[in-house]
Amino acid sequence: MSASLADIQSAMAKGLLHHKNEELEGFFNGDQEDLTARISVYRNNIFYSLANALADLYPVVQKLVGEEFFRALANRYVRKHPPAQAAMVYFGQDFPVFLAQDKACTDLLYLPDVARFELARQRAYHAADVESLSPQAMQEIGVERLLSSCLSLHPSLQILDSKWAARSIWQAHKTGQPRLEDIDLQDSQQSILIRPAYEVMVCAVDAATLALISAISEGAKLEAAIENTLEQHPELDVPQALALGFGNGFFTGIDIQQD
Amino acid sequence: MNTLLPKSAGIGFKPKHFEDVLSGRFDVSWLEVHPENYMGDGGLPHQNLTRIRESMPLSMHGVGMSLGSADGVDQDHLKRLTALVERYQPTQVSEHLAWSHWNQTFLNDLLPMPYTAESLSVVATNVNSVQEALQRTILVENPSLYLQFEGNEFSEAGFFNLLAEQTGCGLLFDVNNLYVCANNLGLNAQEHLDELRIENIGEVHLAGHSVEILANGSELLIDDHGSSVCDEVWWLYQSLVRRLGDAVPTLIEWDTDTPDFSIMSQEAKKANQAMTSALDLDTAA
């Protein structure tokens with residue numbers, strides 16, 4: 001055989017992903033019709049298993065567009081963004097961006113945000129296990145010291161700001177509440193997802209709380225984070241936002257800054 | 001024999017069977033998982049795997065190392081596997097004779113490679129890097145094939161014999177895969193067993209396959225792990241056990257349309273019985 005193993009693998013990877021059998025038929029024994037059928041078994045395995053992996057990650061997107069449409073989307077996605085890793089937990093991370101650019105989805109403006117919501121759930125589900133600070137920790141440290149601290153966020157915490165009712169659409173499919181027909185699609189929704197133990201929790205928050213948690217996540221001292229947030233969101237209710245955060249395990253550490 | 005697992009039937013673990021596995025209602029002697037399913041940082045998958053590991057021997061059977069890749073094993077993937085092996089201390093670690101990644105693209109299927117001196121050198125190098133990282137020998141599984149390369153320089157059995165000799169790895173012998181290859185590529189199963197150094201076998205896999213009729217009317221067996229083990233594979237399995245002259249760790253795999261755990265457990269029981277009767281027959285003869 002003259003072709004090296006690298007030549008074979010390069011040709012097979014291209015030929016299988018991009019439906020070009022002529023690039024690989026020469027490597028195998030058999031007549032062309034037979035080879036076409038046999039090569040298809042491998043190609044089908046690749047596309048079928050990856051579409052399944054994508055459907056596992058984005059079940060609500062699949063429900064919204066229907067299985068047949070989703071399979072076609074998945075095939076286009078796999079050709080454009082094939083996995084780079086064997087662990088499927090890393091696959092499909094570009095799907096929300098892909099949906100926003102895919103021509104067949106241009107009428108479904110809310111679809112990329114529903115996908116972002118599902119991706120955030122997956123990331124929260126697989127994030128590292130770290131114990132959260134309890135609400136008592138907030139009491140014990142006292143307001144003054146808390147203000148001059150940097151708070152570290154739980155590794156599972158995901159911040160989602162949507163121009164659409166992405167959370168309600170997801171909840172409608174998962175729990176039946178609210179009913180899909182009752183949702184105002186253009187209802188801008190902010191959510192924080194977190195998995196303090198083994199179940200992912202979804203917190204509906206207002207834009208001001210979302211901005212505060214975002215500022216904390218960027219490493220700002222709490223006092224500075226509050227000041228910055230108040231400039232854009234004078235309605236920020238600081239005690240309520242902190243109670244929500246400590247009550248739901250958002251924070252895992254308090255680093256008191258020395259001035 | 002390169003055997004560390006219990007010499008009895010184990011079951012391929014599915015998360016939906018978690019409660020059944022730990023319920024004590026079924027006789028399970030060991031379980032096998034795909035380490036790729038536990039490569040997230042934390043959460044329920046790790047919690048459940050920890051509880052399983054506490055209650056029975058565990059085998060980690062990789063599907064993503066791509067031992068046949070000419071551009072080497074993916075170091076990130078190897079690091080993740082090493083971390084899992086250190087954390088869970090599985091009794092056995094195994095992988096496939098196949099390739100899946102090329103140039104940063106992972107194709108998520110076990111793709112075939114020719115049996116040449118070049119392939120042998122690539123696989124041996126890759127097996128050695130995995131064994132070095134894990135600080136233990138692994139078992140390598142024979143593939144199910146739908147295509148036959150032109151210009152093979154070795155038989156499959158000859159290739160595995162040399163691979164084991166060069167790397168010290170053992171063989172995970174999938175009986176269904178041998179049956180699928182025999183049908184799809186015209187390989188003679190008994191001649192294959194005659195040539196194969198069966199003392200390298202550390203574990204056996206049993207699974208079901210489906211039959212696809214191609215456009216030209218010929219039959220192709222698809223290794224879909226979606227049904228019970230067929231009679232011919234049970235027969236081949238018993239013939240292997242007689243040749244081995246000893247019981248062997250044997251896994252029941254059922255990955256597509258996986259049934260209730262009670263059915264999986266019945267298949268495992270059937271494997272234990274098949275093993276016993278094959279050995280009894282041997283003693284009687």
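The figures here come from the full heavy-atom set of this structure, side chains too, leaving out hydrogens, waters and symmetry mates. Since we're looking at a predicted model, the values are computed, not measured.
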Give a yes or no on whether [X] atom [atom1] has more than 12 heavy-atom contacts from other residues, nucleotides or ligands under 6.0 Å away.
{"X": "A:Gln93", "atom1": "CD", "value": "yes"}
{"X": "B:Arg136", "atom1": "CZ", "value": "yes"}
{"X": "B:Asp257", "atom1": "CG", "value": "no"}
{"X": "B:Gln47", "atom1": "CD", "value": "yes"}
{"X": "A:Glu22", "atom1": "CD", "value": "yes"}
{"X": "A:Phe69", "atom1": "CZ", "value": "yes"}
{"X": "A:Gln32", "atom1": "CD", "value": "no"}
{"X": "A:Glu131", "atom1": "CD", "value": "no"}

Is it the backbone or the side chain of A:Ala127 that comes under 4.5 Å from a heavy atom of chain B, or both, or neither?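 Contact with chain B: backbone only.
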A:Tyr90 versus chain B, heavy atoms under 4.5 Å apart: side chain, backbone, both or neither?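 The side chain, not the backbone.
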Side chain to side chain, [X] and [Y], heavy atoms closer than 4.5 Å:
{"X": "B:Leu185", "Y": "A:Arg38", "answer": "yes"}
{"X": "A:Tyr42", "Y": "B:Leu111", "answer": "yes"}
{"X": "B:Phe106", "Y": "A:Met88", "answer": "yes"}
{"X": "B:Pro114", "Y": "A:Phe27", "answer": "no"}
{"X": "A:Pro83", "Y": "B:His101", "answer": "no"}

Taking side chain as everything from C-beta outward and backbone as N, CA, C, O, which of these in [X] sits under 4.5 Å from a heavy atom of chain A? Side chain, backbone, both or neither.
{"X": "B:Leu107", "result": "both"}
{"X": "B:Asn103", "result": "neither"}
{"X": "B:Ser218", "result": "side chain"}
{"X": "B:Asp76", "result": "side chain"}

Quick check: closest heavy atoms across [X] and [Y], and the distance to 0.1 Å?
{"X": "B:Asn108", "Y": "A:Ser49", "value": "ND2-OG, 2.8 Å"}
{"X": "B:Gly43", "Y": "A:Asp129", "value": "N-OD1, 2.8 Å"}
{"X": "B:Thr105", "Y": "A:Pro82", "value": "CG2-CB, 3.7 Å"}
{"X": "A:Asp34", "Y": "B:Leu214", "value": "OD1-CD1, 3.5 Å"}
{"X": "B:Gly40", "Y": "A:Val89", "value": "N-CG1, 4.2 Å"}
{"X": "A:Met12", "Y": "B:Pro112", "value": "CE-CD, 4.0 Å"}

Do any of residues 52-68 of chain A come closer than 4.5 Å to chain B, heavy atom to heavy atom, and if so which ones, in number order?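 When heavy atoms of chain B are the reference, residues 52-68 of chain A contributes no residue within the under-4.5 Å range.
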Between [X] (side chain only) and [Y] (backbone N and O only), is there a donor and an acceptor less than 3.5 Å apart?
{"X": "B:Glu118", "Y": "A:Ser4", "answer": "no"}
{"X": "A:Asn45", "Y": "B:Asp109", "answer": "no"}
{"X": "B:Arg80", "Y": "A:Ala87", "answer": "no"}

Could you measure the distance from the [atom1] atom of [X] to the [atom2] atom of [Y]? Nearest 0.5 Å is fine.
{"X": "A:Arg195", "Y": "B:Leu44", "atom1": "CZ", "atom2": "CG", "result": "8.5 Å"}
{"X": "B:Ser119", "Y": "A:Gln9", "atom1": "OG", "atom2": "CD", "result": "7.5 Å"}
{"X": "A:Ser40", "Y": "B:Leu220", "atom1": "OG", "atom2": "CG", "result": "10.5 Å"}
{"X": "B:Leu145", "Y": "A:Phe28", "atom1": "CG", "atom2": "CZ", "result": "10.0 Å"}
{"X": "A:Asn29", "Y": "B:Glu150", "atom1": "CG", "atom2": "CD", "result": "4.5 Å"}

Please walk me through it: do A:Leu5 and B:Trp99 pass side chain to side chain contact (heavy atoms under 4.5 Å, CB included)? CA-CA 11 Å; A:Leu5 187 61; B:Trp99 67 279; 5.8 Å; no
When only pairs under 4.5 Å are counted, which of B:Gly42, B:Ala70, B:Pro45, B:Ser100 shares the most heavy-atom pairs with chain A?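 Among the listed options, the one with the most contacts to chain A is B:Gly42.
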Using a 4.5 angstrom heavy-atom cutoff, name the option from B:His46, B:Gln148, B:Met113 with the most pairs to chain A.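 Top option by heavy-atom pairs under 4.5 Å: B:Gln148.
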Quick check: under 4.5 Å, non-hydrogen atoms only, which of residues 59-69 of chain B neighbour chain A?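 The list, in residue order, reads B:Gly64, B:Gly68, B:Ser69.
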Listed partners of B:Glu165 passing salt bridge (Lys or Arg N to Asp or Glu O under 4.0 Å), at least two apart: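 Salt bridge (Lys or Arg N to Asp or Glu O under 4.0 Å) list for B:Glu165, sorted by chain: B:Arg197.
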By salt bridge (Lys or Arg N to Asp or Glu O under 4.0 Å), which residues pair with A:Asp113, not counting sequence neighbours?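 Here the qualifying residues are A:Arg116.
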